[in-house]
**Q** 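Below is the structure I would like to discuss, written out as C-alpha cells.
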Amino acid sequence: MKIHVNLVAALLLLNMHFLPNAATGIWTFSWPSPWLCFYLAIGLHFSLLSSFSWMAVEGFHLYLLLVKVFNIHVRKYLLKVSLVGWGFPTVVVSIVVIIDRDLYGSVSLDQSNSTDM
C-alpha cells in the first residue's frame, strides 16, 4: 500500500510542477525571474522521472505479487524500492545540472518568429 502512496505523491508533484508551466505557456508572458524558470524546469524534469520510476516500481511489485507468489519476502523492501523510485530521478537531474546548467531554461523553438519555451 505504501508504494501506491509514493506513486500518488510523485504524480501530485508532477501536477504541481506541470500546471504552472502550462499556464505560463498559454499566457505567453516573459518570466519575471530566470531562477523561477530554472526551478520549474528542474522540478518538472524530476517529477516526470519520479513518476516513471514509481510506475516501474509498481510494475515490479505487481510482478512479485502475481508471478512469484511464494517466498517473496525481501528485507527492507520499501526502503529499497524508495531508493530506486526517488533516488534514480535525483541522480539523473543532479548529473544534468552538474554537466550543463544551461540545458534548463528558456529555449528558442522557432527561428522565424522567435518562439521561446
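Note that these values count all heavy atoms, side chains included, but never hydrogens, waters or copies made by symmetry. All values reported here derive from a predicted model rather than from experimental measurement.
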**Q** Please determine whether side-chain contact (heavy atoms from CB on, under 4.5 Å) holds for the pair Leu13 and Phe46, giving the CA-CA distance in whole Å, both sets of side-chain angles, and the decisive distance to 0.1 Å.
**A** CA-CA 9 Å; Leu13 195 64; Phe46 172 77; 3.8 Å; yes
**Q** How long is the gap from NZ on Lys2 to NE2 on His61, to the nearest 0.5 Å?
**A** 12.5 Å
**Q** Do the side chains of Val96 and Ile42 join up, straight or via other hydrophobic residues, at under 4.5 Å, putting them in one cluster?
**A** yes
**Q** Tell me whether Leu7 is reachable from Phe60 by hopping between hydrophobic residues (I, L, V, M, F, W, Y) whose side-chain heavy atoms are closer than 4.5 Å.
**A** yes
**Q** Given side chains that start at C-beta, do those of Lys76 and Val81 come closer than 4.5 Å, heavy atoms only?
**A** no
**Q** If you look at every heavy atom in Asn6 and Trp86, which pair is closest and at what distance?
**A** OD1-NE1, 3.5 Å
**Q** Main chain of Ser47, side chain of Ser50: is a donor-acceptor contact present, judged purely on distance under 3.5 Å?
**A** yes
**Q** Grouping I, L, V, M, F, W and Y whenever their side-chain heavy atoms are under 4.5 Å apart, do Ile3 and Leu62 come out in a common cluster?
**A** no
**Q** For a 4.5 angstrom cut-off between non-hydrogen side-chain atoms, does Phe88 reach Leu83?
**A** no
**Q** For Leu12, which fellow cluster members are found when Ile, Leu, Val, Met, Phe, Trp and Tyr are connected by side-chain heavy-atom distances below 4.5 angstrom, either directly or through intermediates?
**A** Met16
**Q** Please report the C-alpha distance between His17 and His45 in whole Å, then the side-chain angles of each, then the deciding distance to 0.1 Å, and finally whether the side-chain contact (heavy atoms from CB on, under 4.5 Å) criterion is met.
**A** CA-CA 9 Å; His17 286 103; His45 190 200; over 6 Å; no
**Q** Would you say that Phe52 contacts Leu14 through its side chain, given a criterion of any heavy-atom pair below 4.5 Å between the two side chains?
**A** no
**Q** Is any side-chain heavy atom of Trp54 closer than 4.5 Å to a side-chain heavy atom of Pro89?
**A** no
**Q** Hey, which of Val91, Val93, Val97 is the one that makes side chain to side chain contact (heavy atoms under 4.5 Å, CB included) with Ile95?
**A** Val91
**Q** Could you check whether atom OH of Tyr39 has more than 12 heavy atoms from other residues, nucleotides or ligands sitting under 6.0 Å from it?
**A** no
**Q** Can you get from Val8 to Leu78 by hopping between Ile, Leu, Val, Met, Phe, Trp and Tyr side chains that sit under 4.5 Å apart?
**A** no
**Q** Assigning hydrophobic clusters by single linkage (Ile, Leu, Val, Met, Phe, Trp, Tyr; side-chain heavy-atom cutoff under 4.5 Å), is Leu19 placed with Leu44?
**A** yes
